S.K.: 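Sharing a structure, written as structure tokens. Questions coming.
When a residue number appears, it is its place in the shown sequence, counting from 1. Small disclaimer: the values here were computed from a predicted structure and weren't measured.
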Amino acid sequence: MRSSAVSSWNIPCLCSSGAPYRPFSRSGSLNSESGEHTRSVSNWRLLCFWSSRSPHRSFRQEGSRDRGSGKDAGPSPRVQRSVCPPGGAATGPMRIAGWLERGAFFVLLLLIGMRPLLSETYESAEGIFAEYVRAVNIATSATTAGFDVAIWLAAVAVTVVGVWRFLSGRGTAWRWTGLEIGFVCMAVAAAVSIIVAASNRRLALNASVDWLSGLALAMLIANLCRDRLRLALVLAVVAAAGAASGVRSVMQVTTEFRETREDYERNKDTLWGAVPPDDPRRQLYERRMNANEATGFLAHSNAQGSLLLLCGFGTLAAGGWARAGWTRWTLFAGGVVQLALIALTGSRGAMLAAGCGLGLLLMLYAGRATLRRHWRAALAVGWVLVVLGGVGVMLLGQVRGGLPGSSLEFRWNYWQVTAAIVGEHPWTGVGALNYDRAYLCHKPIEFPEEIRDPHNFVLSILAQWGVLGLLGLVLSLVGGSIMAVRAWAQPPADSAPGLEPTEKPQPELTRWLLAVVGGYVLLRLWLMRGLMSVPGGQAQIFVDVVQYGITWAATFLAVVVAATRGDEQGGAVARLAVLCGIGAFLLHNTIDFPLFVPGTLTVFAAMVGIALAQTSGFSAQGLGEKQETPIARPGQGARPESSRGRSVAMAIAPVALATLGLGLVLFFVYVPVSRASAWLEQARTGRGNAKSYLAAASADPLDPTPLVELTERQLRGRDDAPHAEGLDLDVALARLDKAVERDPRQISLYRMRAGLCILRYGVSNSERDLRDAITAARHALQLYPSSPDEHLGLARVLAHAAVATGSREWADQAREEYAKALALDAARPGTDEVRKWSPRRRADVEAAIVALDQVMDARATENAAQTQPSG
């Protein structure tokens, strides 16, 4: 017979929360000296009720049992010493572990709140106007790499603390989220695509690391959010980012865009240089600028629409946690306002997805009681509907030959080309951010747009990471959805025996509020430090910190205070809002690409982490940390040594993976990217010369940008060589060949090589240079066979070689390429009028054909006259 009494060592002490340890009698009643009411033994034993229903066991069984007497022998001396020290005081390692975990959480909060307010990039190349405007971008590829390092440092800290808790008997080392297996598959797929298939490995490596870091961030948030306060802090930084970016969107539409257009009209001739007014690039840029679509702090209006969508649902979730009454309804109104601001971005996909998310939220809320009881069936039905919807869209496109509406028709074009790319690279993919190189090889002239992403997150992963990457994505979606819906289906925390609220929670809350707001301001100032030396930069910093910083801080403070003072009944509503926001975001990403933008990816990862957090056992006030102290269940013996060995190995595995990830990010991304970025900045701002570019190329052996920029600047007489004649063309070609080795499928490199070979022919008069120029131009055409411009470029090189040498063969080939260029341009669809050549340009091409014929006829007449015998 098991003993019905619970000995004092079976009762979890409250020392980890800072509260004094209260001893219990063997009968299960509280010590009379404490002045507390007596509780039954069974109630205290139910403290582990939630862990018995969840696969995420939070307590280890450290007690042993006397097999002869059938009585519990009590905990091991190690547990008695480490968990409940004399007087209940926290031990030194316990304090260190607590500070380490809180530090990791603090860093993640700053990243979640800051990255949506930055236009990050994975590449080091400058924009089209950067060298003229010399604008300082506060976020570079080195900034993104630094953020990734911060995430993996936090991962190491969290997993180390988890192992310490496990070994000391305080809980599990890692709470499984359902994303882990998928993460490993995607990591392996990314590595294979980088090593085997990617043309630009630097781009592939930077993007892959950041996307995987986003997935790691979701798992970390799920492991760290064990109490109401932490959930409120995450939701607050999400809501604050949405508020600040929403205010920026309003300012853009009402003021900034008008001022930008006025400045552009005054300086557009200087900005574009030799580019004629009817050039398609110029017309497309002006069309986008005149669209008046808000982008917030991001580079794309569609990404801003998705960001407002996520932040709106995050604010709604915070309202669910708030106290019923005007506080809750104020937060609900704030979330609706953020969703309404999507209209300023012009993103119809984001607006439609937000509407679907709100409709789903209302429907699930109405049937929440039934759905929570039958959550497995509800989840299965949901997945069936998702699969049927995807299949239905594919069948509709096949039957109609496209999708309804011009925007969806463009997407259908993208997906058709993506199918060809997947068929060519099914197992390895083409590498992250290398999609555009493969797309141009397969794009027919009937499809107008040149894109860098297929605008569907499933196809994007499949095309760039291959079948294994798709498998990892599916496993993550399925596993994550199961764990998230299971967490939502758990009973409210106050329906089961809970924990005592933390004593005097207000100081802890105040410390978090001050730390996060102060950290935001300091991090923002540090990121904008480059503006201090730019004319008008200090005013820009002041406006940013005052206007957007105050909005961010005020929203953060209000949401945290409101979300930590409500009751627990709103937890189910909050989780529903988070789940519907995630679903709406993924729906938008079936026709767009915000999932692969750092700012929106980070907020999405935070929302996923909230949905996956196992938070049963909240205190009534919700501000106390869940107590994870060892509880040995009566009647259970010590764990077998073999089982314990496997458990220890599983506990250490997350630490090993986190440490490995940190080392890889540091060695392959952060160190080379940050060093190269520093040298590039020195070269671009005039503090350096060619040596700075060469130092950047040496610092990052994967990035072709320093070599390409140096060659371009020297060709235009901007550096060591005052003009092209003073440039050592042999050195320039050797440098460009190194750039080609680093990115062999980049079309612009072959265009540049053809031009350099033509220049060298003017010095050497060697026909070999002409042949090299023709070879480079043909290679560029092979990478984009449907481009009229590439056919025109090859025709001009062939014509130059024909005129220089009198070769009739090259002249015939040039005439043929001219004709193909004109025919392809005429075949552009009616939806692509802006990209068609202007009548003046077509007339110039036709005139070039006539001029070539005249020169070749004159050369033939001259040769005939020379060969005709005299007399």
S.K.: Ring-plane angle category for Trp552 and Phe556, please: parallel below 30°, perpendicular beyond 60°, tilted otherwise.
M.R.: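 Ring orientation, 0 to 90° scale: parallel.
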S.K.: Between the side chains of Gln547 and Thr551, is a donor N or O closer than 3.5 angstrom to an acceptor N or O?
M.R.: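 No donor-acceptor contact under 3.5 Å links the two side chains.
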S.K.: Could you walk me through whether Arg452 and Glu123 pass salt bridge (Lys or Arg N to Asp or Glu O under 4.0 Å), step by step?
M.R.: CA-CA 13 Å; Arg452 302 189 67 178; Glu123 54 190 329; 3.0 Å; yes
S.K.: Applying side chain to side chain contact (heavy atoms under 4.5 Å, CB included), run through Leu117 and Arg524 and close with a yes or a no.
M.R.: CA-CA 9 Å; Leu117 311 185; Arg524 192 71 176 176; 3.5 Å; yes
S.K.: Please examine the side chains of His455 and Ile591, heavy atoms only from C-beta on, and report whether any two atoms are closer than 4.5 Å.
M.R.: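 Sidechains of His455 and Ile591: no contact.
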S.K.: Is it the case that the side chain of Ser481 and the backbone of Val478 share a donor-acceptor pair, with hydrogens and angles ignored and the cut-off at 3.5 Å?
M.R.: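 Yes; at least one donor-acceptor contact below 3.5 Å.
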S.K.: Test Tyr122 against Ser141 for side chain to side chain contact (heavy atoms under 4.5 Å, CB included), laying out the working first.
M.R.: CA-CA 5 Å; Tyr122 297 122; Ser141 57; 5.9 Å; no
S.K.: Starting at CG of Leu316, measure out to CG of Leu576 and round the result to the nearest 0.5 Å.
M.R.: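 Between atom CG of Leu316 and atom CG of Leu576 there are 11.5 Å.
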S.K.: Give, for atom CG of Leu477 and atom CD1 of Ile482, the distance between the pair rounded to the nearest 0.5 Å.
M.R.: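 Nearest 0.5 Å value for the CG-CD1 distance: 11.0 Å.
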S.K.: Between atom OG1 of Thr295 and atom NE2 of His300, what is the distance when rounded to the nearest 0.5 Å?
M.R.: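 Here the interatomic distance stands at 9.5 Å.
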S.K.: How about Met528 and Asp544: do any of their side-chain heavy atoms sit closer than 4.5 Å?
M.R.: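 A side-chain contact under 4.5 Å exists here.
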S.K.: State, with a plain yes or no, whether a side-chain heavy atom of Phe585 is found less than 4.5 Å away from one of Leu595.
M.R.: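 Side-chain contact under 4.5 Å: yes.
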S.K.: Do the side chain of Arg323 and the main chain of Ala562 share a donor and acceptor less than 3.5 angstrom apart?
M.R.: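 Answer holds: no.
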S.K.: Would you indicate whether the side-chain heavy atoms of Leu298 and Ser119 approach each other to under 4.5 Å?
M.R.: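 When only atoms from C-beta onward are counted, Leu298 and Ser119 do not touch, as no gap falls below 4.5 Å.
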S.K.: Testing the 3.5 Å rule here: is there a donor-acceptor pair between the side chains of Gln304 and Ser249?
M.R.: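 A pair is found: one side chain offers a donor N or O, the other an acceptor, under 3.5 Å apart.
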S.K.: Ignoring hydrogens and angles, state whether a donor on the side chain of Glu180 or Thr177 is under 3.5 Å from an acceptor on the partner side chain.
M.R.: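 There is such a pair (donor and acceptor under 3.5 Å, judged by atom type) between the side chains of Glu180 and Thr177.
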S.K.: Going by heavy atoms in the side chains, are Trp512 and Val517 under 4.5 Å from each other?
M.R.: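 No, their side chains stay 4.5 Å or more apart.
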S.K.: Decide yes or no on side-chain hydrogen bond (donor to acceptor under 3.5 Å, both in side chains) for Ser245 and Tyr548, but give the supporting numbers first.
M.R.: CA-CA 8 Å; Ser245 63; Tyr548 304 118; over 6 Å; no
S.K.: Carefully, step by step, assess Ser460 and Asp453 under the rule side-chain hydrogen bond (donor to acceptor under 3.5 Å, both in side chains).
M.R.: CA-CA 7 Å; Ser460 183; Asp453 186 273; 2.9 Å; yes
S.K.: Can you confirm whether Glu101 sits close enough to Arg226 that some side-chain heavy atom of one is under 4.5 Å from a side-chain heavy atom of the other?
M.R.: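 They are in side-chain contact.
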S.K.: Just how far is it from atom OG1 of Thr370 to atom CG of Leu364, taken to the nearest 0.5 Å?
M.R.: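 Those atoms lie 11.5 Å apart.
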S.K.: Taking the side chain as C-beta and beyond, is there a heavy-atom pair between Pro404 and Leu396 under 4.5 Å?
M.R.: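 Yes, close enough: below the 4.5 Å cut-off.
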S.K.: Between Arg328 (side chain only) and Ala322 (backbone N and O only), is there a donor and an acceptor less than 3.5 Å apart?
M.R.: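 Pair found, side chain donor or acceptor close to backbone of Ala322.
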S.K.: Assess the residue pair Arg511 and Arg102 against the criterion (side chain to side chain contact (heavy atoms under 4.5 Å, CB included)); give the C-alpha distance rounded to whole Å, side-chain angles, the decisive distance to 0.1 Å, and a yes or no.
M.R.: CA-CA 11 Å; Arg511 285 194 293 269; Arg102 284 192 287 271; over 6 Å; no
S.K.: Please lay out, stage by stage, how Phe105 and Leu233 fare under the test side chain to side chain contact (heavy atoms under 4.5 Å, CB included).
M.R.: CA-CA 10 Å; Phe105 186 61; Leu233 288 169; 3.8 Å; yes
S.K.: Main chain of Ala239, side chain of Thr315: is a donor-acceptor contact present, judged purely on distance under 3.5 Å?
M.R.: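 No.
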S.K.: If I take atom CZ from residue Arg248 and atom CG from residue Leu344, how far apart are they, to the nearest 0.5 angstrom?
M.R.: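 Spacing of CZ (Arg248) from CG (Leu344) equals 13.5 Å.
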S.K.: Considering only heavy atoms from C-beta outward, does the side chain of Leu339 approach that of Leu308 to under 4.5 Å?
M.R.: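 No; the side chains remain at least 4.5 Å from each other.
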S.K.: State whether a side-chain donor-acceptor pair under 3.5 Å links Thr144 with Asp210.
M.R.: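 Note: Thr144 and Asp210 side chains miss the donor-acceptor criterion.
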S.K.: Could you grab the distance from atom CG of Leu601 to atom CG of Leu307, nearest 0.5 Å is fine?
M.R.: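 Spacing of CG (Leu601) from CG (Leu307) equals 12.0 Å.
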